[in-house]
A.B. asks: 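One structure follows; several queries about it will come next.
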Amino acid sequence: SANVRAIVMLDAGKYFQDGGLAANVPGRDLGEGTNFRRARLGLDGRLFTDFDYAFVYEFGGSGAEESGRLYEASVTYTALKPFRIKLGAYEPNIGLAAAVSTSQMPLMERPAPAEIARNVAAGDSRVTAQVTGAGSFGSGDSGLATRWFASTAVTGSTIGAAQSFDEQTAWIGRVALAPFNGPAWQAHFGANYQYVIHPGDAGPSATPRYPAQLRDRPELRIDGTRLIDTGAIDARHVSVLGLEAGLTAGPFLIEGEWYRYDIDRRITTAVAPKDPRFDGWYVQGAWVLTGESRPYNPAEARFDAPKPAYNFSPAAGAWGAFEVAARYSVTDLNYRAGPQGTTSVLGAVRGGEQKILTFGANWYLNPTIRLMLDYQHVDIDRLNAAGAQIGQDYDAVAGRMQVSF
Amino acid sequence: SANVRAIVMLDAGKYFQDGGLAANVPGRDLGEGTNFRRARLGLDGRLFTDFDYAFVYEFGGSGAEESGRLYEASVTYTALKPFRIKLGAYEPNIGLAAAVSTSQMPLMERPAPAEIARNVAAGDSRVTAQVTGAGSFGSGDSGLATRWFASTAVTGSTIGAAQSFDEQTAWIGRVALAPFNGPAWQAHFGANYQYVIHPGDAGPSATPRYPAQLRDRPELRIDGTRLIDTGAIDARHVSVLGLEAGLTAGPFLIEGEWYRYDIDRRITTAVAPKDPRFDGWYVQGAWVLTGESRPYNPAEARFDAPKPAYNFSPAAGAWGAFEVAARYSVTDLNYRAGPQGTTSVLGAVRGGEQKILTFGANWYLNPTIRLMLDYQHVDIDRLNAAGAQIGQDYDAVAGRMQVSF
Amino acid sequence: SANVRAIVMLDAGKYFQDGGLAANVPGRDLGEGTNFRRARLGLDGRLFTDFDYAFVYEFGGSGAEESGRLYEASVTYTALKPFRIKLGAYEPNIGLAAAVSTSQMPLMERPAPAEIARNVAAGDSRVTAQVTGAGSFGSGDSGLATRWFASTAVTGSTIGAAQSFDEQTAWIGRVALAPFNGPAWQAHFGANYQYVIHPGDAGPSATPRYPAQLRDRPELRIDGTRLIDTGAIDARHVSVLGLEAGLTAGPFLIEGEWYRYDIDRRITTAVAPKDPRFDGWYVQGAWVLTGESRPYNPAEARFDAPKPAYNFSPAAGAWGAFEVAARYSVTDLNYRAGPQGTTSVLGAVRGGEQKILTFGANWYLNPTIRLMLDYQHVDIDRLNAAGAQIGQDYDAVAGRMQVSF
């Protein structure tokens, strides 16, 4: 079988920044306007009973639309229930926020700490061999045996990356339990881990030769500039640990994750700088004003978008579903950053600390069309190597029109 | 619903130029051969009764094929008859020639004056919010009330443009009436207007910072070189006014448009050059030899292609429909150009004057396949800043194989 | 009608090279990892009884995935049996290995001598007008009259090539006979020829102005580096002659081709170097262990992949079809290369000689999914202009997951 799929998201927004920012501040004049954040065309279906496939092509981008490219190509073998074996290039399941489909998230972008984490050895278009299990082993199972999720994968590089000398190799895994639940509520606990066995080899003449880099955009991508960034660090290994918790009760959802990122430096000099360690966390909540709930999806261990009880049809007095959401996220990419006005010490990483408060309102006209409006306050605190403050505070407002089927 | 759509146009052609053109003449050796002018793949359909959508991806190009890119993504709300509200990136309705689908035009390319006009604040892949109305308000309406068209839109930048600091913002509108008609004939009158509220911001270090530029290729794109071009002019506003008239009678069609382009300069020097003004016009006609007509499409205020009465099937003695067409277009992008041999005065724009005479023959094998053959004589009169003639005269012959469904 | 088609091939592999190769050896550290060799999305079908069409878009690449691009757009007129007229950009039929669909080849890549040949004036995405005939002229025909194939075409440049001043023009043709056959066996003999009437014009300021170049990757494209390469040779004409033979008997197939490449130099100096001539050949065999055969496809004069008698379904005790294959290919792009340690003489071409021995195993799970494993030993013997050896010997192992429908 072959089903045609499409996801299109058109973003429009405006940034309210200080006018007098110094020329060395990254993103001192962020570009406002419009952007197709995603424009995907895809096929999926079943082949000969036991194989599912998905081929997806992406024509959108961050900051500006890019040329069309392969986004996902995967085949899943489904005959070994409760396990699925999935091979190809796709987004492996690696965390609570990472697992949610982008068309079902309560705010326009993922929380930065989860976004940085998933891009280490998971994320979009990653060549992956993953085994996932969920639910029950047998028909007689009940209780906790029906509410578990586990996945593990070996991952490589991402599609479209320029050819390297040798690609990154990593092992990743995630476990989740939904131990407590009632007729109208559901709790979720989870943990995830990524270990980069060896980073991609940039070649004998590259410096650094095995680069690891943590960075992200400020939870909005009308402009594609990244405001926090560790820079490329020569690395032997990278590891990421994440802890997850969530609770849904009727129309309410609250969830959060905490992440720690460790970079094991590759030492090529006599003096050995220390291995840097970073962390980040977020808490977010959503309330569906029209009473629908964000259902728990046990097959992927995530919370999906509400499905409107009545589709938009003013003539019938139906307006769809409305939701409000909020989030606070903190991402600290500083390591031994030291005080302002001082030059950075050996091994210091001045990647910057980012705190973002976001409020959002979502209108689900029907299962395929959604309108979003987000307001965010962004606070960046970052020093450059000389010790000057190159962070900034600003506000931004953005909207999104989304069609997905 | 999801309908798969495709438009493919393969052009092949040859240019007959003087051999002794000087090295400073733009396009002195135009490249002949073949080119996929358009290669589109798309989906369209209806979502939940009142929403229409269209997602189209383009893999063709002018002069050479480009990488695949998003061409159109739009959603139209259709429940407020006789009005339609359309949001997304697409080609807004802005003129008589601009409104005609490229697969239904009587000649291979649009007339240059209309092409330059539509690219100011409309054109392909423009982010747009447009309201369109046509036809009758109520079921009892008759006469003129059933033969009007009006549209207005706010437009931004186009898809795939490199990220600017702030995008262009414009307001555009079009009105048309079809006041006179009989059983076998139909007249059309229209006017259209575009006003660029502020041009795109190229950033604090760019010169000019707010560029406006009028230019076009010579109504054939086997080679993608533009022969007339105002260059980038620092602008506060740009406006375009167009007047339209057309008449169809049985197998005959005659139509024309006149355009005026005004650029309101942004003055950054003590001496203020005058604001330049340009104009252009064209007249074109078509005759369907096999007797079919080019029907008037009131929903878009345009003339569509003839539909063959009998599809190509030699065994059945049917050969499809045949049409001949001709056009004369004049586009003057000179402003205070002055005589040959003189250097240009302050505020002068030596964009060049282009006159093109085109004859065409079209063979509609069936509603999906069309073959075209165009002959054109191009006459460019253009001075460079030093006063040398960098224009040229030449002839060109080109054919097109077109499949669209 | 519109059928959706897709071909996706995900390759993964590892190269085993000497560690101490000099810095001037091309591909001295080939990049291992993964690569989507092909990722195609397409439409095909029939239009109004007598016209077939195919539109295919490619998102894969060699060494690294590329942006999406038009791969094929063609229309075939089928009403003049036994002839078909095909117009558009596609891969014309030009040889035994070239004619086989990439999803049906017994080894992961085509033999290098055939790959180099087809890229002269045929190959992927070539703008082509081709007439093909096969089979019988009338219903009463029998014997040899039913077992012939002939095709001839005029070809231009390929899609997506940067715009040149004038495109390449060539004439190509192929004839094949299947004169001997029995209930379980079939012989094939063929010949093919390409003649480049004029190479593409790179423009008045380019050196060489009319470049002809023969080169290829070493029958594996995890890394996209080409190890043998004549460099660009200024040419008036290029011709290629190929001879083909094949025999299938039950589960066994053996086939081979021999190619000669002639470059007619364009002389722009007083001293006239001789016209270089190169050649190459290969022999390959396949054995379907589960007993299916590689059927002869008379419409294209080629051997197709086996169709598994039983699709993979362990519960039913069915595992699909298994096949082993082997090939030895020799490609000599040296012309008057001279001995090691000497500088090259006038007109010499030190493109290198490549010998590759490949063994492969293929698992056909069902008609849409195939897994491949190839081992190859590559031996490159090549001098640079100064006379140093820049060839190398190495082994490589690679696997492929392929989905096609």
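Every chain is numbered from 1 and lettered A, B, ... according to where its sequence line falls, protein lines coming before strand lines.
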A.B. asks: Counting heavy-atom pairs under 4.5 Å to chain B, which of C:T49, C:I159, C:V75 comes out on top?
C.D. replies: C:I159
A.B. asks: Please check if the number of heavy atoms outside C:F48 that lie under 6.0 Å from its CZ is greater than 12.
C.D. replies: yes
A.B. asks: Need one label for B:N311: side chain, backbone, both or neither, based on atoms under 4.5 Å from any heavy atom in chain C.
C.D. replies: side chain
A.B. asks: Could you grab the distance from atom CG of C:L70 to atom CD of B:E66, nearest 0.5 Å is fine?
C.D. replies: 12.5 Å
A.B. asks: side-chain contact (heavy atoms from CB on, under 4.5 Å) for C:F55 and B:V403? Distances and angles first, verdict last.
C.D. replies: CA-CA 10 Å; C:F55 302 152; B:V403 179; 3.8 Å; yes
A.B. asks: Looking only at heavy atoms, what is the nearest atom pair of B:L30 and C:D166, with distance?
C.D. replies: O-OD1, 4.3 Å
A.B. asks: Determine the minimum heavy-atom distance between C:G88 and B:L10, stating which atoms define it.
C.D. replies: CA-CD2, 3.7 Å
A.B. asks: Checking heavy atoms, do the side chain of C:A79, its backbone, both or neither come under 4.5 Å from chain B?
C.D. replies: neither
A.B. asks: Is C:L43 close to chain B through its backbone or its side chain, or both, or neither, when contacts mean heavy atoms under 4.5 Å?
C.D. replies: side chain
A.B. asks: What orientation do C:F51 and B:F312 show, parallel under 30°, tilted 30 to 60°, or perpendicular over 60°?
C.D. replies: tilted
A.B. asks: Checking the side chain of C:E167 only, and the main-chain atoms of B:T34 only, is there a donor and an acceptor separated by less than 3.5 Å?
C.D. replies: yes
A.B. asks: Quick one: what part of B:P367 sits under 4.5 Å from any heavy atom of chain C, side chain, backbone, both or neither?
C.D. replies: both
A.B. asks: What part of C:Y71 gets within 4.5 angstrom of chain B, counting heavy atoms only: side chain, backbone, both, or neither?
C.D. replies: neither
A.B. asks: Please find the pair of heavy atoms, one from C:G68 and one from B:F59, that lie closest to each other, and give the distance.
C.D. replies: C-CE2, 3.9 Å
A.B. asks: Where does C:L41 contact chain B at under 4.5 Å (heavy atoms): side chain, backbone, both or neither?
C.D. replies: side chain
A.B. asks: Pick one of side chain, backbone, both or neither for B:Y57, based on which atoms fall under 4.5 Å of a heavy atom in chain C.
C.D. replies: neither
